[in-house]
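Pasting in a structure now, in structure tokens, and then I'll have a few things to ask.
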Amino acid sequence: MLLESYLEPYVREALDRIGAGGLVEPEFEVPRLPEHGDLATTVALQLARHLRRPPRQIAEELLAQLRLPGEEVTAEVAGAGFLNFRFSPTFYTRMLARIASEGDAYGRLPLGAGKRANVEYVSANPTGPLHLGHGRNAALGDTIANLLDWCGYQVTREYYFNNAGNQMLLLGRSVYARYRQLLGDEYPFPEEGYHGDYIWDIARLLLEQYGDRLREETEEHLRIARHTGEQWCFERIRQTLRRMGIEHDVYFNEDSLYRDGKVAAILEALRQRELLYEKDGALWIALSRFGRQDRVLVKSSGEGTYRLPDIAYHCDKLERGYDLIVDVLGADHIATIEDVLTAVAALGYDTSRIKVVLHQFVTLTEGGQQVKMSKRSGKSYTLDELLEELGPDVVRFFFLMRAPSTHLEFDLELARQQSELNPVFYLQYAHARICSIFRQARQRGIAWREDADTDCLRHPAEQALIRVLLRFPERLAKAAQLFEPQLLAEYLREVAQQFHAFYHECRILGAETEEQMHARFRLAQVTRTVLRNGLRVLGISAPERMEREPVTA
RNA sequence: GCGCCCGUAGCUCAACGGACAGAGCACCAGACUUCGGAUCUGGGGGUUGCGGGUUCGAAUCCUGCCGGGCGCGCCA
């Protein structure tokens, strides 16, 4: 971003000079091969269409009209008509000094300054513990929120839940059944009830608090069972999320949409637009008018289907004035969210402010075999079990490693490795290593200078590292714009890689001159900042030292 | 049957429509008596599922097949 914005005006100027201004937007890319320079533009190739002339010829003309300042950057024509730019080593060392002066704020961007964003994620109903899919959703949503925060947005993290529907009634009945069974009664377990062991835990809690006073099956006693179950599940969910470093700002209760009359208002608005009709005693929404299927909004029993409050919820979020609304949802919501957004748009709202991030499912594997059940509990893996076994850093990183749109294979065996195989440690190790160098320096009584001249950093490894560090803001912005955290994870791997390579090539404490040592300190410091900031966005700790687990061979 | 996602090295995955399709793991061969070897350097490995199309250029866009996943309820 820094480098692109530096070159852009010059390229624009050259385009004007050859009479091609406004025909194409100058865009840049980082060539794969180093021989192709540091940055390249394909404007000439794109212009070939408009000007009906060979691209290479256009590139030559552009080059002739390019008025680059001084010798810090050079350009050449290559290949089919690429314009390749190369920055001088001095240019890079100066840029390093510039980003070093930004300190811990390096990477923060003003893209969303003054704007408000709402990110909704997890949103599991309080009927039981969180599972793997929730974990991916949680890690994604939280990281997207972090990304937007770093881009300058004022971010609200929101959790939408329903504690009023059938699911909750079933939870209450399941708990009550277990409670009665604990009392020794022959009490039937509800069909399709929740079979998890945690229901027993809640029942025991009920027994502790109420003794046998709930024995008589009444509405009130069932309500108590349900309420206790809800409280317990919600507390457990929040605890699990806290272990992952997640805390929401707003817990939005679906039921409040009914209480506040928002659902009724939506129905009225839909009716006015003649989008509702009755059939078989139910109230339908005519989505077929927008190329979709009609759906029931109010059942013949008088209850709303989940789509109804969902529509009201999205309208409510829009009315709260957010510039950007992000829904993080599992792949099973693909069809329904489209319905909801279609309805919201039909009501005249600007749904372009709503971005839906759909993520595919997670499969747990071990040694290439799919794992369905936890060995310990015999039930399907809960997020808690995963966190306990692997720790939050590994869990978050694995959930963030892949693009949301792809199926995620979570390799338990690899995740358990406390070794070089585990990609998380590769990043954390680079950070710990830098911290270790600074510890060493302190021990040896070396105080490094904040203002050291960086001009001597001419080694290829040093230059390569600087080049990577300069890309941080751009890569962060891209991850935020596309809602794809794995881009940042991949970038950090590149940073760590370049640093490790530099570390092997160039000694810091054993540098040839004082000047060189201090310059390398600055380089290491910026690297540490980038790693720390990047890991923070991913919600992963940046340890100052790492203890290797005792080898158990 | 319809909708969405995916198909790239032995495995897991990258690659704003750009130049010779790249990483990690696995496999093979190497590297500091000095800053942490959880590191680094090198090597072999590919008809990008298959066929058409769009264009200066396609793993990427369109289209038809094949294969896998997920949805398609007056459940959420």
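Throughout, a chain's letter reflects where its sequence line sits, starting with A, and its residues are numbered from 1.
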Exercise. May I ask which nucleotide in the shown strands pairs with A23(B), Watson-Crick or G-U wobble, both distances under 3.5 Å?
Key: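 Pair assignment: A23(B) / U12(B).
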Quiz item: So what does Gln428(A) touch, heavy atoms closer than 4.0 Å: a base, only the sugar-phosphate, or nothing?
Solution: nothing
Quiz item: Can you name the one residue among Lys355(A), His333(A), Lys317(A) that meets side-chain hydrogen bond (donor to acceptor under 3.5 Å, both in side chains) with Asp327(A)?
Solution: Lys317(A)
Exercise. For the residue pair Tyr381(A) and Glu389(A), confirm or rule out a side-chain donor-acceptor distance under 3.5 Å.
Key: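 Result is yes, a qualifying pair exists.
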Quiz item: Checking all strands, does Ala282(A) fall into the base, sugar-phosphate, or nothing category for heavy-atom contacts under 4.0 angstrom?
Solution: base
Quiz item: Using the P atom in both, what is the distance from C62(B) to G18(B), to the nearest Å?
Solution: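 Going atom to atom, P in each nucleotide, I get 15 Å.
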Quiz prompt | Short side-chain donor-acceptor distance under 3.5 Å, Asp255(A) and Asn163(A) | solution = no
Quiz item: Is there a side-chain polar atom (N or O) of Gln440(A) under 4.0 Å from OP1 or OP2 of G36(B)?
Solution: yes
Self-check item: Pair Asp393(A), Gln428(A): side-chain N/O donor-acceptor within cut-off below 3.5 Å
Solution: yes
Quiz item: Between Glu494(A) (CD) and G22(B) (P), how many Å, whole number?
Solution: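 Value for this atom pair: 14 Å.
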Practice problem: Compare side-chain N and O positions of Tyr503(A) against OP1 and OP2 of U34(B) and report whether any pair is under 4.0 Å apart. | Solution: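 Answer no for this pair, as no side-chain N or O of Tyr503(A) is under 4.0 Å from OP1 or OP2.
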Exercise. Classify the glycosidic conformation of C20(B) as syn or anti, calling it syn when the angle lies within 90° of 0.
Key: syn
Exercise. Starting from the 5' end of RNA chain B, give me the residue, Gly79(A) or Ile508(A), whose nearest nucleotide shows up first.
Key: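 The answer here is Gly79(A).
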Exercise. Using Watson-Crick or G-U wobble geometry with both distances below 3.5 Å, tell me the partner of C2(B), or none.
Key: G71(B)
Quiz item: Between the base of A38(B) and the side chain of Tyr429(A), is there any donor-acceptor pair under 3.5 Å?
Solution: no
Exercise. Please determine if a side-chain N or O atom of Lys279(A) lies less than 4.0 Å away from the OP1 or OP2 oxygen of C74(B).
Key: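 Answer is no, no contact under 4.0 Å.
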Exercise. Would you kindly check whether a donor in the side chain of Ser436(A) faces an acceptor in the base of C35(B), or vice versa, at under 3.5 angstrom?
Key: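 Checked by distance alone, the answer is no.
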Quiz item: Is there a Watson-Crick or G-U wobble partner for G45(B) with both distances under 3.5 Å, and which nucleotide is it?
Solution: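 Because no pair has both required distances under 3.5 Å, G45(B) counts as unpaired.
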Quiz item: So is Arg433(A) actually on top of Tyr503(A)'s ring, under 6.0 Å and inside 45° of the axis?
Solution: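 Judged by the rule, Arg433(A) and Tyr503(A) form a cation-pi pair.
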Quiz item: Does Lys478(A) come within less than 4.0 Å of Glu484(A), counting only side-chain N to carboxylate O?
Solution: no
What are the atom names and distances for every N/O pair under 3.5 Å that joins the protein to nucleotides 59-62 of chain B?
none

Quiz prompt | Per Ser300(A) side chain, nearest of listed nucleotides C74(B), C6(B), U34(B) | solution =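 Nearest nucleotide to the side chain: C74(B).
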Quiz item: Considering only the P atoms, how many Å lie between G51(B) and A59(B), rounded to the nearest integer?
Solution: 13 Å
Quiz item: When you compare C61(B) with C4(B), how far apart are their P atoms, in angstrom units rounded to a whole number?
Solution: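 After rounding to an integer number of Å, I get 14 Å for this pair.
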Exercise. Please state the C1' separation for the pair G45(B) and A21(B) - nearest whole angstrom.
Key: 14 Å
Exercise. For Met401(A) and for Asp280(A), locate the closest nucleotide of RNA chain B by heavy-atom distance; then report the residue assigned to the nucleotide nearer the 5' terminus.
Key: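 Closer to the 5' end of RNA chain B: Met401(A).
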Quiz item: What does Glu505(A) touch in the nucleic acid at a heavy-atom separation under 4.0 angstrom: a base, only the sugar-phosphate, or nothing?
Solution: nothing
Practice problem: Identify the nucleotide, in any strand shown, that forms a Watson-Crick or G-U wobble pair with U54(B), with both distances under 3.5 Å; if there is none, say none. | Solution: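 WC or wobble partner does not exist here.
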Exercise. Give one of base, sugar-phosphate or nothing for Asn84(A), where a contact means two heavy atoms less than 4.0 Å apart.
Key: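 Since a base atom lies under 4.0 Å of Asn84(A), the category is base.
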Quiz item: Can you find a donor-acceptor N/O pair under 3.5 angstrom joining the side chain of Gln360(A) to the base of C5(B)?
Solution: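 Under the 3.5 Å cut-off, the side chain and the base do not form any donor-acceptor pair.
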Quiz item: Under a 4.5 Å cut-off applied to non-hydrogen side-chain atoms, are Phe361(A) and Leu132(A) in contact?
Solution: no
Quiz item: Considering only the P atoms, how many Å lie between G67(B) and U8(B), rounded to the nearest integer?
Solution: 16 Å
Exercise. Determine the contact category for Thr336(A): base if any of its heavy atoms lies under 4.0 Å from a base atom, sugar-phosphate if only primed atoms, P, OP1 or OP2 are that close, otherwise nothing.
Key: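 Answer is base: heavy atoms of Thr336(A) come under 4.0 Å of a base.
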Self-check item: Assigned partner base of A38(B), Watson-Crick or wobble definition, under 3.5 Å
Solution: none
Quiz prompt | C1' gap between A29(B) and C13(B), integer Å | solution = 26 Å
Quiz item: So do His248(A) and Leu241(A) actually touch side chain to side chain, heavy atoms under 4.5 Å?
Solution: yes
Quiz prompt | Whole-Å C1' distance, G68(B) and G49(B) | solution =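 About 11 Å, rounded to a whole number of Å.
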Practice problem: State whether the aromatic ring of Phe82(A) stacks on the base of G18(B), taking stacking to mean ring centres under 5.5 Å apart and ring planes under 30° to each other. | Solution: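 Ring-base stacking flag not set for Phe82(A) and G18(B).
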Quiz item: Looking at Thr305(A), does any N or O in its side chain come under 4.0 Å of the phosphate oxygens OP1/OP2 on A76(B)?
Solution: no
Exercise. Using the C1' atoms only, state how far U12(B) lies from G7(B), rounded to an integer number of Å.
Key: 14 Å
Quiz item: Should the heavy atoms of other residues, nucleotides or ligands under 6.0 Å from NE2 of His195(A) be counted, would the total exceed 12?
Solution: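 More than 12 heavy atoms, drawn from other residues, nucleotides or ligands, come within 6.0 Å of this atom.
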Self-check item: For U33(B), the Watson-Crick or wobble partner whose two distances fall under 3.5 Å
Solution: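 None - no nucleotide pairs with U33(B), as no candidate has both distances under 3.5 Å.
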Practice problem: Evaluate the ring planes of Tyr313(A) and Tyr160(A), with Trp represented by its six-membered ring, and classify them as parallel (under 30°), tilted (30 to 60°) or perpendicular (over 60°). | Solution: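 Tyr313(A) and Tyr160(A): parallel rings.
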Quiz item: Can you find a side chain N or O atom of Arg292(A) that sits less than 4.0 Å from OP1 or OP2 on C2(B)?
Solution: no
Self-check item: His36(A)-A19(B) aromatic stacking (under 5.5 Å, under 30°)
Solution: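 His36(A) ring centre within cut-off of A19(B) base, planes near parallel; stacks.
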Quiz item: For the side chain of Phe425(A), counting heavy atoms from C-beta on, which of G24(B), A38(B), C16(B) is nearest?
Solution: A38(B)
